[in-house]
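Quick notes on the structure that follows.
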There are 2 protein chains.
Amino acid sequence: MHNPQTTPALPAALSRRHLLVGSASALATVGLSTWSSGAAAQAKPLPAAFSWKDASSVIVHSGTTIETKRSAFGTSVITPTNQLYIRNNLPTPDASIVANRDAWEISIEGVGKPRTVTLRELKTMGLETVAMVLQCSGNGRAFFPSKPSGTPWTVGAAGCVVWSGVPVRAVAEALGGLERGMRFLTGTGGEKLPAGLDPKSIIVERSVPVSAMGDALLAWEMNGEPIPLAHGGPLRLIVPGYTGVNNIKYIKRLAFTLQETDAKIMSHGYRISPPGGKGEPNQPSVQEMTVKSWINFPAPDSAPLQQSRAQIAGVAFGGMHAIKRVEVSIDGGKNWKEARLVGPDLGKYAWRQFVLDARLTTGQHVLVSRATDAWGNVQPEQRMENAAGYNNTSWADHAVTVNVG
Amino acid sequence: MHNPQTTPALPAALSRRHLLVGSASALATVGLSTWSSGAAAQAKPLPAAFSWKDASSVIVHSGTTIETKRSAFGTSVITPTNQLYIRNNLPTPDASIVANRDAWEISIEGVGKPRTVTLRELKTMGLETVAMVLQCSGNGRAFFPSKPSGTPWTVGAAGCVVWSGVPVRAVAEALGGLERGMRFLTGTGGEKLPAGLDPKSIIVERSVPVSAMGDALLAWEMNGEPIPLAHGGPLRLIVPGYTGVNNIKYIKRLAFTLQETDAKIMSHGYRISPPGGKGEPNQPSVQEMTVKSWINFPAPDSAPLQQSRAQIAGVAFGGMHAIKRVEVSIDGGKNWKEARLVGPDLGKYAWRQFVLDARLTTGQHVLVSRATDAWGNVQPEQRMENAAGYNNTSWADHAVTVNVG
């Protein structure tokens, strides 16, 4: 299906992507080291802690980073847990923390009556369920020509997941409400920190605006099961619409605070820095997701299509807003047709599935999708360049090249 | 949490159910053999073909019947595939039939241009995704005092599942449309039939009214993955709103027909027969589901509640219609409060999750739920008695008794 040779007739913006979907051997020839290292990673076995993942559906980048294969995304909206990506900032805690889930304790601070609450008690305080796109801040990094350091994710550091837990606002209410003037919701992960290092330099502690509390959960269930350890169980902060790192795993402290935390992962990590620059506190933090879509079927690595008729399908999400429309082009973005949104609508934080019933003539086609959210924001053609390769929503970067034989 | 002693103050309709949620040893004492055999079945290991199921979430009744534990149902709407019930009428086919899924062939008949179509070609004809309650016709059979033969399911022969496939109507259109006068959609399973028996006596072949075609799919994906062999992969007929048996696994023939099939599973099986009677073709066939709900949390087998505040949660579905309202009673049906519908609404064929934030005083409470669908149909208090124990929607039968200490 894929052809590693560039075709001069393709728009310039797409020729690199065209290469990226090519075969690993051809790419190695033209020197795309990021991609070829990614291809090599496909052969890595699953780390022991994540041996329950479906090996055939994922790409293992490292012991703490696993990506869903683009070809493995189905068309059923929800991403199965055994295919969902993993990106952990610290080593996964010992499984003993999920041996007695209900006994897990979290300290609630910055409220009228601050105290420690068990998961058992949280379960009495309220219940809400939200479907949400969980996406790593660096998803799409592999498409940056600058080859930023970090995992070279293509599309698979994302999934649509259902979470159940207690609304953060219900917990705050039960504990006397927010202290006056608190502007941030700060979550602290319960990972064991390596000895000999300044905790602030390593701890997973992030702040989001207190306005994000509206739909935030302290969640104990994911896709119908207790949250697996790998995904933050027994308790995870869920901030719908915010990138993965803001959804604190193993959360042991939830504080309403006057200031953002000064933990390094907040002050210097996950910042939108100029190309070549470093993260600084005055730069925008990677938090809210914006409108994005991509095509999963036909997959870049599938066999040549044998029929001219094809159902071109993919996913689209708005981050903070619902999806209004998705357009699909089969000529690399010159002409567009509106795709059909199909399947259940799981709410504004979930992704929608789109389909275009297309006739493809014999030869090569560059398929791209472009989403528009309910506020009228349109997915951009170009990525926003930044040092660490965050927030790639470029439709051109996410193109799929197919051959019809 | 459960107390095997009946309490005279309970309504008569509930006392038996109250017993049913009691401990197995106590039940054996009072002679409820069906339940005690069910309890014994919990110790059975998973059959080899279904070893990938989550053993801690299911009850193994036999080599072809596995039920989801009531306590395992989460609050995330979708039922995980590794927890979903299994009920196969014939032995599961050999895994070779899913070795090359796209090569699977199905004969389409009763259309203008009847022919055999491969799964590969079906995937070009259209795409739709539907979330649907899949429920065995006999779910709730364990609550019939008449102890009908058949698997003694309580609530766990049901799940809410997402299917992807091609609309049956799109396939019919692509093949020249229905032949004139066809009144039924007849599906035939591809199981290998035992030698020496009349095929009609054993084949899984069912007919549904052609009107059910509107939302029917030929599905190849379930919950985001190719349909597992155990659940009918590579291809299954999905008739939303109809009980499990009407959703033909391994479908090899889809025919628009003038008459219902005369296969025994249709003519004499799955009929609503009077108590003590046998299935006959003139009796109603078990097809469309009707409004039903039950409470999953607190679960009947959970520990005594230590707090007076509880989130009483469960699922409600209308079969063919959306859920309009769910009421919950904490006194066995004397007084009712409207529950809150929470979480994503996956469409009229899916179940909705409901929650009541309740204060429970110290002592024993009988929790029941009662759903109303969008057409105003109300879940009945009493089951409709029938010989085989089908279609149990009684809210009284589905009560949960809890103790608050």
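In this structure, chain B has heavy atoms under 4.5 Å from both the backbone and the side chain of A/Thr75. Only the side chain of A/Gln83 comes within contact range of chain B, judged by heavy atoms closer than 4.5 Å. For A/Ala72, the part lying near chain B is the backbone, with the side chain staying farther off; criterion is any non-hydrogen pair under 4.5 Å.
Here A/Met125 is the residue among A/Met222, A/Met125, A/Arg340, A/Gln353 with the most heavy-atom pairs under 4.5 Å with chain B. Counting heavy-atom pairs closer than 4.5 Å to chain A, the top residue among B/Ser57, B/Gly165, B/Gly347, B/Gly74 is B/Gly74. For chain B, the option among A/Leu127, A/Thr79, A/Asn82, A/Val162 with the highest count of heavy-atom pairs below 4.5 Å is A/Leu127.
Defined by atom type and a distance below 3.5 Å, a donor-acceptor pair is present between the side-chain atoms of B/Ser164 and A/Ser76.
The OG1 atom of A/Thr124 lies 8.5 Å from the CZ atom of B/Arg359; values are rounded to the nearest 0.5 Å.
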Can you list the steps and then say if B/Gln311 with A/Glu128 is a side chain to side chain contact (heavy atoms under 4.5 Å, CB included)? CA-CA 10 Å; B/Gln311 304 295 322; A/Glu128 192 49 84; over 6 Å; no
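Looking at heavy atoms from C-beta onward, A/Asn223 lies out of side-chain contact with B/Pro80 at the 4.5 angstrom threshold.
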